Amino acid sequence: MFEQDRVLVRLQQRVMSEGNIVACFLSGSYGRRENDPYSDMDVALVFADELVRERAWRQRREFVQSVMQYVPAKSFDGEHVRPYFHIALYSNGTKADYRYELQTELQPNPWDRDIRILKDRDGWAEQYQADCERALLPQPRLTAAELTALDERFWVMLWDAYRLLLRGDGDKPFTIYLELLHFTLPPLLHVLPPEDPARAPLLRAQFNQDTQGTAAHLANLLQAYLNARTAVVQRLHLDFNPDTRFETAVQNLIKSKT
């Protein structure tokens with residue numbers, strides 16, 4: 001739908017013509033051969049040494065545009081993700097994430113277990129993939145201290161948003177609700193696997209100008225959070241002791257107001 005096949009062909013032609021690129025491969029859904037018309041392209045460009053990579057990094061925007069020369073593109077650095085990470089948005093709908101890697105620093109990891117090799121000088125990428133197949137997935141990590149900080153912030157933001165909704169304010173609590181989701185959900189979702197029954201209810205976000213309906217949703221979100229928190233504590237064997245007296249009283253209060 002978004003001409004990814006065309007981009008893929010042009011990308012391979014481009015990296016094959018670039019002598020300084022030791023290897024190029026696709027990871028993610030393209031590496032697993034599970035890509036669909038809406039998939040991002042996760043592209044790794046591997047260089048032999050720091051000097052060569054730095055030279056290529058300085059020309060990253062030109063490289064991105066050269067892949068699809070006549071398709072307008074916007075690209076920017078993904079410093080929030082990792083160093084030497086460049087994100088390209090092609091106006092034909094394709095999104096490509098470019099990793100600029102050093103051959104001497106790229107360590108085998110389970111996320112590169114399935115890759116689609118576009119260029120492989122001297123068989124390095126093939127050996128790298130074989131090494132990645134033996135790498136183990138790291139276990140999800142969340143400490144008791146991190147959960148405590150998350151929990152304290154959750155209660156503050158939930159209470160602020162809920163009180164404003166009961167007042168009939170549908171505007172001010174919206175940003176609080178977004179912060180609550182952004183701060184609370186990702187750490188819990190990272191720990192809980194898709195098959196855990198406590199995971200799915202966390203994904204049922206809802207906010208609109210029906211303040212009573214949104215307040216009722218917050219009551220459901222509170223229960224979903226508590227269930228997910230319990231599941232995380234049990235899964236990671238955390239030494240976490242909630243204030244059950246306070247939490248039960250708040251739940252009863254919310255039930256009486258909803």
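When a residue number appears, it is its place in the shown sequence, counting from 1. Nothing here was measured: the structure is a model prediction, and the numbers come from that model.
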Hydrogens and angles aside, do [X] and [Y] bring a side-chain donor and acceptor to less than 3.5 Å of each other?
X	Y	answer
Arg199	Asn227	no
Asn109	Tyr128	yes
Ser75	Arg60	no
Tyr177	His182	no

Report yes if some heavy atom in the side chain of [X] is under 4.5 Å from a heavy atom in the side chain of [Y]; otherwise report no.
X	Y	answer
Leu118	Leu8	yes
Asn220	Arg204	no
Ile117	Leu26	no

Under 4.0 Å between a side-chain nitrogen and a carboxylate oxygen: does that hold for [X] and [Y]?
X	Y	result
Lys119	Glu18	no
Asp160	Lys172	no
Asp114	Arg33	no
Asp112	Arg99	yes
Glu101	Arg82	yes
Arg153	Asp151	no

Rounded to the nearest 0.5 Å, what separates atom [atom1] in [X] from atom [atom2] in [Y]?
X	Y	atom1	atom2	answer
Leu180	Thr175	CG	OG1	11.5 Å
Leu164	Thr214	CG	OG1	12.5 Å
Asp122	Gln103	CG	CD	8.0 Å
Ile115	Asp120	CD1	CG	8.0 Å

To check you understand the geometry: which heavy-atom pair defines the closest contact between [X] and [Y], and what is its length?
X	Y	answer
Tyr30	Ser39	CE1-CB, 3.9 Å
Pro242	Glu247	CB-OE2, 3.6 Å
Ser27	Trp111	CB-O, 4.3 Å
Tyr162	Ala215	CE1-O, 3.6 Å
Gln65	Met68	NE2-O, 2.8 Å
Leu202	Ala228	CD1-CB, 3.6 Å

Donor-acceptor under 3.5 Å ([X] side chain, [Y] main chain):
X	Y	answer
Asp77	Glu79	no
Ser17	Arg14	yes
Thr248	Arg245	no
Gln206	His217	no
Glu146	Thr143	yes

Q: Establish, for the pair Arg229 and Phe240, whether the NZ or CZ atom is under 6.0 angstrom from the six-membered ring centre and no further than 45 degrees off its axis.
A: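 No.
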Are Val67 and Val46 co-members of a hydrophobic cluster defined by side-chain heavy atoms under 4.5 Å apart?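 No; Val67 is not reachable from Val46 via cluster members.
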> Step by step, would you call Tyr100 with Phe63 a side chain to side chain contact (heavy atoms under 4.5 Å, CB included)?
Replying inline: CA-CA 12 Å; Tyr100 282 63; Phe63 178 85; 4.0 Å; yes
